[in-house]
Amino acid sequence: IPGMTDTASTTSVVQHDRLSLQQGIRTVLAATLAYWIAGLLHLPGGYWAAISAIVVMQSEVGATLTASYDRFAGTALGAAVGWLITLVRHDSIVMFAAGVLVVMVLCSALHYKNAGRLGGVTVAIIVLAPHAGAVWKVAVERFLEVSFGIVVSLVVALAWTKLSSLIRGIKNEDHST
């Protein structure tokens with residue numbers, strides 16, 4: 001009938017919007033906390049912690065854990081490969097390309113689902129971006145900053161899930177009485 005709304009589809013849209021808003025709030029909370037705490041810890045690239053928190057936060061804790069594992073593995077392998085490449089020859093586009101290929105093949109061989117792309121990004125940061133100071137220090141800092149963002153994101157995801165479960169339990173008790 002023209003002019004009437006489909007209640008089921010309206011409810012579905014509202015539910016989707018609510019879940020999208022929750023995902024956004026969780027992600028913003030994790031990224032903001034990661035950046036703020038990284039600043040308190042005087043990490044030079046706290047923005048990497050924030051970026052990592054955004055990259056790994058998913059709608060479910062299990063998916064966040066998987067994304068975190070991939071990000072951690074890719075960053076660790078990418079930092080190591082990037083650092084080794086700079087020891088050989090840091091100003092060579094061929095060495096950069098070889099490094100990205102090596103880290104992607106290595107991640108695939110080790111069965112890290114999506115870590116290859118993230119490892120390639122880390123190689124690019126270590127090899128291509130200008131740095132003041134020792135490259136090994138930059139590689140370690142990137143790894144620590146990214147790892148910190150991952151940990152914060154996992155803590156936020158777990159806390160959010162626990163808090164949501166607690167709230168649902170309280171609401172269910174209120175409706176049953």
Side-chain angles (χ1 to χ4, degrees), residues 23-162:
Q23 174 70 16
I25 292 169
R26 260 195 322 269
T27 303
V28 166
L29 180 61
T32 303
L33 279 172
Y35 183 75
W36 179 63
I37 297 170
L40 292 176
L41 296 173
H42 303 290
L43 295 175
Y47 53 90
W48 289 113
I51 290 168
S52 292
I54 293 167
V55 168
V56 302
M57 184 60 77
Q58 304 291 315
S59 59
E60 296 176 3
V61 173
T64 299
L65 188 59
T66 299
S68 297
Y69 183 72
D70 287 341
R71 177 79 170 166
F72 180 81
T75 300
L77 292 170
V81 169
W83 174 67
L84 290 172
I85 284 182
T86 61
L87 291 176
V88 176
R89 185 159 178 208
H90 73 281
D91 60 347
S92 167
I93 193 73
V94 172
M95 289 301 292
F96 160 69
V100 172
L101 180 61
V102 165
V103 81
M104 292 186 86
V105 168
L106 186 58
C107 287
S108 179
L110 295 172
H111 304 289
Y112 296 127
K113 187 177 176 185
N114 294 308
R117 291 175 298 132
L118 301 167
V121 168
T122 304
V123 169
I125 292 165
I126 303 296
V127 175
L128 300 179
H131 308 292
V135 176
W136 70 266
K137 186 177 178 190
V138 173
V140 169
E141 287 171 349
R142 280 314 78 75
F143 174 74
L144 292 175
E145 292 153 356
V146 166
S147 298
F148 185 71
I150 290 168
V151 169
V152 171
S153 196
L154 285 170
V155 168
V156 168
L158 288 168
W160 188 280
T161 300
K162 291 291 184 186

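- Under the 3.5 Å distance criterion, the side-chain polar atoms of Ser68 are matched with a main-chain donor or acceptor of Thr64.
- Among all heavy-atom pairs drawn from Ala50 and Ala34, the shortest one is N-CB, 4.1 Å.
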Next item on the list: Would you check, one step at a time, whether the test side chain to side chain contact (heavy atoms under 4.5 Å, CB included) holds for Leu77 with Leu110?
Entry: CA-CA 11 Å; Leu77 292 170; Leu110 295 172; 4.1 Å; yes
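- The two residues Met104 and Gly116 make their nearest non-hydrogen contact at CG-O, 3.4 Å.
- Side-chain atoms of Ser153 never come within 3.5 Å of backbone atoms of Gly149 as a donor-acceptor pair (strictly under, hydrogens ignored).
- The two residues Trp83 and Ala139 make their nearest non-hydrogen contact at CB-CB, 4.1 Å.
- In this structure the side chain of Ser147 never reaches within 4.5 angstrom of the side chain of Thr75, judged on heavy atoms.
- Using a 4.5 Å heavy-atom cutoff, the side chains of Ile25 and Trp160 are in contact.
- Rounded to the nearest 0.5 angstrom, Tyr35 OH and Leu40 CG are separated by 11.0 Å.
- In this structure, His131 contributes its side chain and Ile126 its backbone to a donor-acceptor pair below 3.5 Å.
- Between Arg71 and Ser52 the shortest side-chain heavy-atom distance falls below 4.5 Å.
- Remark: side-chain polar atoms of Thr122 are not paired, donor with acceptor, to backbone N or O of Gly78 under 3.5 angstrom.
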Notebook entry, point to check: Would Phe96 and Ile85 count as a side chain to side chain contact (heavy atoms under 4.5 Å, CB included) if you check the C-alpha gap in whole Å, the side-chain angles of each, and the deciding distance to 0.1 Å?
Noted result: CA-CA 7 Å; Phe96 160 69; Ile85 284 182; 5.8 Å; no
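- By the neighbour-count criterion of 12 heavy atoms within 6.0 Å, atom CZ of Phe148 is densely surrounded, having more than that number from other residues, nucleotides or ligands.
- Contact annotation: the side chain of Met95 never approaches that of Val127 to less than 4.5 Å [non-hydrogen atoms, C-beta and beyond].
- Considering CD of Glu141 and CH2 of Trp136, their distance stands at 8.5 Å, rounded to 0.5 Å.
- Side-chain contact between Leu43 and Ile37: absent, with no pair of heavy atoms (C-beta onward) separated by less than 4.5 Å.
- Nearest heavy atom pair, residue Arg26 against residue Gln58, reads NH2-O, 3.7 Å.
- Although no hydrogens or angles enter the test, the distance criterion places a donor-acceptor pair under 3.5 Å between the side chain of Gln23 and the main chain of Ser59.
- The shortest distance between side-chain heavy atoms of Phe143 and Phe72 falls below 4.5 Å.
- The main-chain N or O of Leu29 is never found under 3.5 Å from a side-chain atom of Thr32 such that the two would form a donor-acceptor pair.
- Between Tyr112 and Tyr69, the angle of the ring planes goes over 60°, which puts this pair in the perpendicular group of the 30/60° scheme.
- The salt bridge (Lys or Arg N to Asp or Glu O under 4.0 Å) test applied to Arg117 returns no partner, not counting sequence neighbours.
- A side-chain donor-acceptor contact under 3.5 Å links Glu145 to the backbone of Gly45.
- Residues Ala73 and Ala115 approach most closely at CB-CB, 4.2 Å, considering heavy atoms.
- The side-chain heavy atoms of Trp48 and Ile51, taken from C-beta on, include a pair separated by under 4.5 Å.
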Next item on the list: In sequence, state the C-alpha distance, the side-chain angles, and the governing distance for Ile150 and Val146, and then conclude on side chain to side chain contact (heavy atoms under 4.5 Å, CB included).
Entry: CA-CA 6 Å; Ile150 290 168; Val146 166; 4.0 Å; yes
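- Scanning all heavy atoms of the two residues, the minimum distance from Ala38 to Ala49 falls at CB-CB, 4.3 Å.
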